[in-house]
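Just so it is clear, the model here is predicted, and its values are computed rather than measured. Order of appearance sets the numbers: ligands from 1, and atoms from 1 within every ligand.
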Amino acid sequence: MICVIGGAGYIGSHCVKRLLERGYEVVTLDNLEAGHRAAVVGGEFVQGDYTDRQTLDTLFTSYPIECVMHFAAYASVAESMTDPAKFYRLNVVGGYTLLEAMRAHHIPYLIFSSSAATYGEPCQIPIPEDHPQEPTNAYGETKRAFEQMLRWYDVAFGLRSISLRYFNAAGADPEGQLGEDHHPETHLIPLVLLTALGKRPVIKIFGTDYDTPDGTAIRDYIHVTDLADAHILAYEALKRGAPTSAYNLGNGLGYSVREVIRTAEEVVGRSIPQEEAPRRAGDPARLVASADRAKHELGWQPQYADLRTIIETAWRWHSTHPDGYGDRT
Ligand code: UDP
């Protein structure tokens, strides 16, 4: 059985759905602080805090868990700069509690949601996994710290893990059942589409003076279902004996903020109000993945690589769920 921690969140819920489709048994643990109960489409559900050892002991005693997929974390870069303590508490101290509970209950495998933010300002594009990890924000630092813990937990205790360094997760369940619903929303694609729906007055373009062809920042957008599939492949690789490792997950294609807005306008069939704004602190000009290792070693092949397809799936979700899951005011 697979335990998905943070399985009611954006990426975790898509992963639960894919696991169930593949016939895996799943138990989700989520405290619903940011997650949505309605996003957990099946399997067992336990509401609770993964930073609480008692909760983990009960969970790990109640279910025959072989692998933990760990999605639960604070993820706002801006907030991590004003309140790093909050990020260390959940992402690192919580992670330590989880690893200790896994050790005690002899759970052998972990798949970890890491991030391109662990690299910091890139000195090479596309970014390979052996690029230096020098995060420029506390969020990325907490992800890096947990990756390092995982290395040493394998060396000393034999707990095997794969860290998946996501680039820009985007899009929604192609069947329209799940989507992105953050409070507050800070990500580009949902904000652009909520602006198209009239739920927001204007989309601000953060920085128009980057050293890029149109002056706006370039990112590698990767479909959330493709991310979910990589987790399953990573788990299957660990079962086959793969060593503890880290993989980038991206399409290897960079799109600027203006290109994203233009593509969204094509998808929704109307113009979207936009305005130029100053750069957001800590945003690198370009983040593009080299995901060759995930393709060769895990057999990962993104199915929804095209930006237009990614935005179409997101648009289907937002246009049919303008208030998301409808469980927040
Ligand atoms: N961005 C923007 N306006 C917004 C939100 C984001 O111009 O309202 C830009 C942001 O500066 C970055 C890109 O869009 O260059 C992607 O940002 P997002 O927050 O989606 O993901 P991040 O790259 O920070 O993980």
Task: Any donor-acceptor N or O pair under 3.5 Å, side chains H183, E185 - done: no
Open item on the list: Assess whether a salt bridge exists between R89 and D83, defined as any Lys/Arg side-chain N lying under 4.0 Å from an Asp/Glu carboxylate O.
Closed with: no
Open item on the list: Show me the pairs that pass side chain to side chain donor-acceptor pair (under 3.5 Å) and involve residues 166-176, at least two apart or across chains.
Closed with: K17-D173, K17-E175, S113-Y166, Y166-H231
Open item on the list: Just to be sure I understand the cut-off, which residues have at least one non-hydrogen atom under 4.0 angstrom from an atom of ligand 1?
Closed with: N168, T186, H187, L188, L191, I203, K204, I205, F206, A217, R219, Y221, V257, R280, D283
- [ ] Taking all non-hydrogen atoms of both residues into account, name the closest pair between A145 and V92 and its distance.
- [x] CB-CG2, 4.2 Å
Open item on the list: Please verify the inter-ring angle class for H131 with Y119; under 30° counts as parallel, over 60° as perpendicular, anything in between as tilted.
Closed with: perpendicular
Open item on the list: Is any side-chain heavy atom of I311 closer than 4.5 Å to one of L193?
Closed with: yes
